[in-house]
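Please read the structure below before turning to the comments.
Computed from heavy atoms alone, side chains included, the values below leave out hydrogens, waters and symmetry copies. Since the structure is predicted, the reported quantities are computational estimates derived from the model, not experimental observations.
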Amino acid sequence: MRSLYGMKALTRIFKAMDQKGDKNLDVDDFRWGLMDFGVQVSKDEALELLNNYSKDGGNSVCFEMFLDQFRVSSNT
């Protein structure tokens, strides 16, 4: 049950970061979202992190792609 609550929390965090409400995080949404949660990162650092969540290496990540990365990680 712990992972179910974790996924719900990640969903809430993603939605809080998604300033445009388009279920997609660009580097600015991601960076400011991290900083809202107390994680200080530069734009370059945020872009590097964001690229890790994007399967196609793009500069943004959609909601499902973001959550899929955590689902895979929790199952290994």
Side-chain angles (χ1 to χ4, degrees):
M1 280 300 178
R2 180 182 263 177
S3 65
L4 175 63
Y5 294 117
M7 294 305 281
K8 286 181 181 180
L10 284 174
T11 299
R12 283 192 308 272
I13 290 168
F14 186 97
K15 287 180 180 181
M17 289 180 170
D18 184 12
Q19 295 295 308
K20 295 176 202 86
D22 60 359
K23 296 185 180 180
N24 195 50
L25 295 180
D26 63 19
V27 67
D28 291 323
D29 288 340
F30 190 63
R31 178 177 181 229
W32 288 107
L34 289 173
M35 292 192 324
D36 285 345
F37 286 98
V39 180
Q40 298 298 314
V41 294
S42 70
K43 190 167 185 170
D44 289 337
E45 291 168 328
L47 185 58
E48 186 176 337
L49 286 169
L50 190 65
N51 285 334
N52 287 322
Y53 296 114
S54 176
K55 291 180 182 176
D56 62 2
N59 293 335
S60 65
V61 65
C62 72
F63 177 68
E64 286 302 318
M65 196 180 298
F66 180 78
L67 289 183
D68 283 348
Q69 294 300 314
F70 288 97
R71 285 184 190 117
V72 170
S73 297
S74 67
N75 290 330
T76 58

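Judged purely by atom type and a 3.5 angstrom limit, Asp18 uses its side chain to pair as donor or acceptor with the backbone of Lys23.
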Donor-acceptor contacts under 3.5 Å from residues 43-50 side chains, at least two apart:
residue : atom : partner : partner atom : Å
Lys43   : NZ   : Asp28   : OD1          : 3.3
Glu45   : OE1  : Ser42   : N            : 2.7
Glu45   : OE1  : Ser42   : OG           : 3.4

Under 3.5 Å donor-acceptor pairs involving side-chain atoms of residues 30-40, not counting sequence neighbours:
residue : atom : partner : partner atom : Å
Arg31   : NE   : Val41   : O            : 2.8

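In this structure, SG on Cys62 lies 6.5 Å from CG on Asn24, to the nearest 0.5 angstrom. The line from CD of Gln19 to CG of Asp29 is 6.0 Å long, rounded to the nearest 0.5 Å. Atom CG of Leu25 is separated from atom NZ of Lys20 by 8.5 Å, given to the nearest 0.5 angstrom.
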